[in-house]
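Because only heavy atoms are used, hydrogens play no part in the values below, and waters and symmetry mates are left out as well, while side chains stay in. Start at 1 with the first residue, then count along the sequence.
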Amino acid sequence: MKDKLNAILCDGKEKIEKTKTLDELQNVKAYFIGKQGVLTDILKSIPLLEVSKRAEAGRLCNEIKKSISDMIEAQKEKIYMKESAISEDFDVTVPGILPPAGTLHPITQMCYDLNDIFRSMGFEIFEESDITSELYAFDNLSFPKNHPARESMDTYWLKSNGESGSSKLCLRPHLTGASVRYMQTHEPPFRFVYPGRVYRNESTDARHERAFFQYEALIVDRNFTFSSGKLLIKSILSKVFGCDVDVRMRAGFFPFVEPGFEIDMKCLVCGGKGCSVCKHVGWIEIMPGGTPHPNVLRSAGLNPDEFTGFYVNIGLDRLVMMRYGVDDVRLFHSADLRFLKQFS
């Protein structure tokens with residue numbers, strides 16, 4: 001029995017060393033120590049031996065079985081190393097190279113930066129759903145019933161049961177309706193911002209998109225001067241760009257502010273010399289602004305004789321264009337990794 005077991009050990013060692021693949025090694029394992037293997041058969045036959053020889057035969061058989069099992073595991077490691085792309089002389093203790101990590105989209109980063117800026121000035125961050133109603137998008141903001149912005153050529157209306165007011169739903173064409181919703185559920189004075197995506201049914205070009213980002217800010221208090229509002233704009237832009245930015249305010253009409261202004265900044269893409277982004281005039285409109293219209297304050301349940309304030313709506317996409325010198329807003333929404341990797 002001892003000679004037979006030693007012969008099996010030698011045969012096993014030879015066959016194991018000759019294996020080149022894991023499949024071959026598995027076949028050798030099954031032949032020697034599998035359920036139907038030669039060593040398994042010997043172990044089953046031990047009870048048939050003389051009583052005096054059983055213990056010795058069992059011990060020797062288990063030792064050889066363990067030796068073959070250890071050789072199989074060692075051969076398996078050799079096969080793994082040969083099949084691996086890592087060479088045997090590779091030093092695994094050397095620090096590796098970190099894989100490229102994802103980063104925030106530049107518009108998202110700008111939004112976070114503005115959040116930090118406004119929080120430092122005591123503003124609260126407010127958000128609402130992308131779906132709003134005619135009541136909050138237009139009625140509460142003093143839009144006339146025949147205003148072109150109410151038409152489907154400008155606003156994405158949703159199929160709903162309502163014909164008008166709070167039951168007539170749409171994708172929000174601007175964020176301004178959120179101001180009334182906030183003021184209706186909070187106590188004055190107010191100092192808050194509300195970032196988000198808005199939707200317009202319009203043609204796309206280098207300066208316009210159908211879905212883009214706005215960032216609105218509103219202050220409502222009993223004594224807030226217009227000069228403080230202008231200082232607020234200058235402070236925001238200087239913190240965003242890290243330098244003083246030339247700003248101009250032009251009279252403009254918006255139903256929800258009185259008086260209203262178009263607020264422009266000097267184009268940072270061309271330095272004011274003129275380019276496709278600023279339509280070759282050196283200035284680019286970045287936000288409307290002004291004092292909340294008395295009707296808007298009344299919709300929020302406030303007395304316009306007691307409260308006043310200042311409102312701005314920042315075109316977030318255009319602000320990002322100015323920060324990075326990008327001349328086409330469509331690039332930010334293209335999901336082109338070649339473009340986005342520049343901001344990592």
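- With E134 contributing its side chain and K168 its backbone, the two residues share no donor-acceptor pair below 3.5 Å.
- Taking the six-membered ring for Trp, F213 and Y215 have ring centres at least 6.0 Å apart.
- When all heavy atoms of G196 and R172 are compared, the closest pair comes out as CA-NH2, 3.4 Å.
- Neither Y194 nor F310 shares a network with the other; the hydrophobic side chains, linked directly or stepwise wherever heavy atoms of I, L, V, M, F, W or Y lie under 4.5 Å apart, form separate groups for each.
- For the side-chain contact (heavy atoms from CB on, under 4.5 Å) with R318, the lone residue among E285, M287, R323 that qualifies is E285.
- Within the 3.5 Å criterion, the main-chain N or O of F123 finds no donor-acceptor partner in the side chain of R191.
- Counting non-hydrogen atoms of neighbouring residues, nucleotides and ligands closer than 6.0 angstrom, the CG atom of N223 reaches no more than 12 such neighbours.
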Q: Could you walk me through whether V240 and V245 pass the side chain to side chain contact (heavy atoms under 4.5 Å, CB included) test, one step at a time?
A: CA-CA 10 Å; V240 167; V245 178; over 6 Å; no
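- Summarising the local packing, CD of E127 is surrounded by 12 or fewer heavy atoms from other residues, nucleotides or ligands at distances under 6.0 Å.
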Q.
side chain to side chain contact (heavy atoms under 4.5 Å, CB included), that's the test. Do L104 and F343 meet it? Break it down for me.
A. CA-CA 8 Å; L104 291 175; F343 305 98; over 6 Å; no
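- Between H174 and F143, the two ring planes are parallel [angle under 30°; tilted spans 30° to 60°].
- When side chains are defined from C-beta on, M121 counts as touching I236, because their heavy atoms get closer than 4.5 Å.
- Within 6.0 Å of atom CZ in R59, more than 12 heavy atoms from other residues, nucleotides or ligands are found, so the atom counts as buried in its surroundings.
- The shortest distance between side-chain heavy atoms of L316 and C111 falls below 4.5 Å.
- Side-chain atoms of L43 and N62, non-hydrogen and from C-beta on, do get closer than 4.5 Å to each other.
- Between R250 and D264 there is a salt bridge, with a side-chain nitrogen of the basic residue lying less than 4.0 Å from a carboxylate oxygen of the acidic one.
- Taking both residues in full, the closest heavy atoms of E209 and R330 are given as OE2-CG, 3.5 Å, listed atom of the first, atom of the second, then distance.
- Of all heavy-atom pairs spanning V257 and G289, the tightest one is CG2-O, 4.0 Å.
- The closest donor-acceptor contact from the side chain of N313 to the backbone of T176 lies at 3.5 Å or more, if one exists at all.
- Here the two rings, on F339 and F332, have centers that are under 6.0 Å apart.
- Between the side chain of Q184 and the backbone N or O of S299, at least one donor-acceptor pair lies under 3.5 Å.
- Of the N and O atoms on the side chains of Y182 and E124, at least one donor lies less than 3.5 Å from an acceptor on the other residue.
- Taking 4.5 Å as the limit, every side-chain heavy atom of W283 sits out of range of all side-chain heavy atoms of C278.
- No donor-acceptor distance shorter than 3.5 angstrom exists from the side chain of Q75 to the backbone of L25, with no hydrogens or angles considered.
- Minimum heavy-atom separation, C267 to M322: CA-SD, 3.9 Å.
- A heavy-atom distance below 4.5 Å is not found between the side chains of V193 and R119.
- You'll find the side chain of L171 reaches within 4.5 Å of the side chain of I131, heavy atoms only.
- Within a 6.0 Å sphere centred on NZ of K44, heavy atoms belonging to other residues, nucleotides or ligands number more than 12.
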Q: Take M265 and L319 through the test side chain to side chain contact (heavy atoms under 4.5 Å, CB included) and record every step on the way to the result.
A: CA-CA 10 Å; M265 64 175 285; L319 211 60; 4.2 Å; yes
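- Checked by atom type and distance alone, the side chain of S235 pairs as donor or acceptor with a backbone atom of L231 at under 3.5 Å.
- In this structure, the side chains of F224 and T291 stay at 4.5 Å or more apart for every pair of heavy atoms.
- Closest approach of L302 and P188 over heavy atoms only: CD2-CG, 3.9 Å.
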Q: Check the pair K66 / E63 against salt bridge (Lys or Arg N to Asp or Glu O under 4.0 Å), numbers first and verdict last.
A: CA-CA 5 Å; K66 185 179 183 305; E63 288 179 356; over 6 Å; no
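- Checked options N115, I107, L114, T108; the residue passing with P195 is N115 (criterion: side-chain contact (heavy atoms from CB on, under 4.5 Å)).
- Annotation for A137 and T132: closest pair CB-CG2, 4.0 Å, computed over non-hydrogen atoms.
- The NZ atom of K266 sits 13.5 Å away from the CD1 atom of I286 when rounded to the nearest 0.5 Å.
- Salt bridge status for R150 with D139: present, with a side-chain N to carboxylate O gap under 4.0 Å.
- The shortest side-chain heavy-atom distance between I8 and I42 falls under the 4.5 Å cut-off.
- Cluster membership check: F192 does not share its hydrophobic cluster with F118, using side-chain heavy-atom separations under 4.5 Å among Ile, Leu, Val, Met, Phe, Trp and Tyr.
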Q) Checking side chain to side chain contact (heavy atoms under 4.5 Å, CB included) for the pair S142/E258: CA distance, chi angles, key distance, verdict? A) CA-CA 11 Å; S142 199; E258 181 59 44; over 6 Å; no
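- A perpendicular orientation is assigned to the rings of F126 and H186, their planes being inclined by more than 60° (bins at 30° and 60°).
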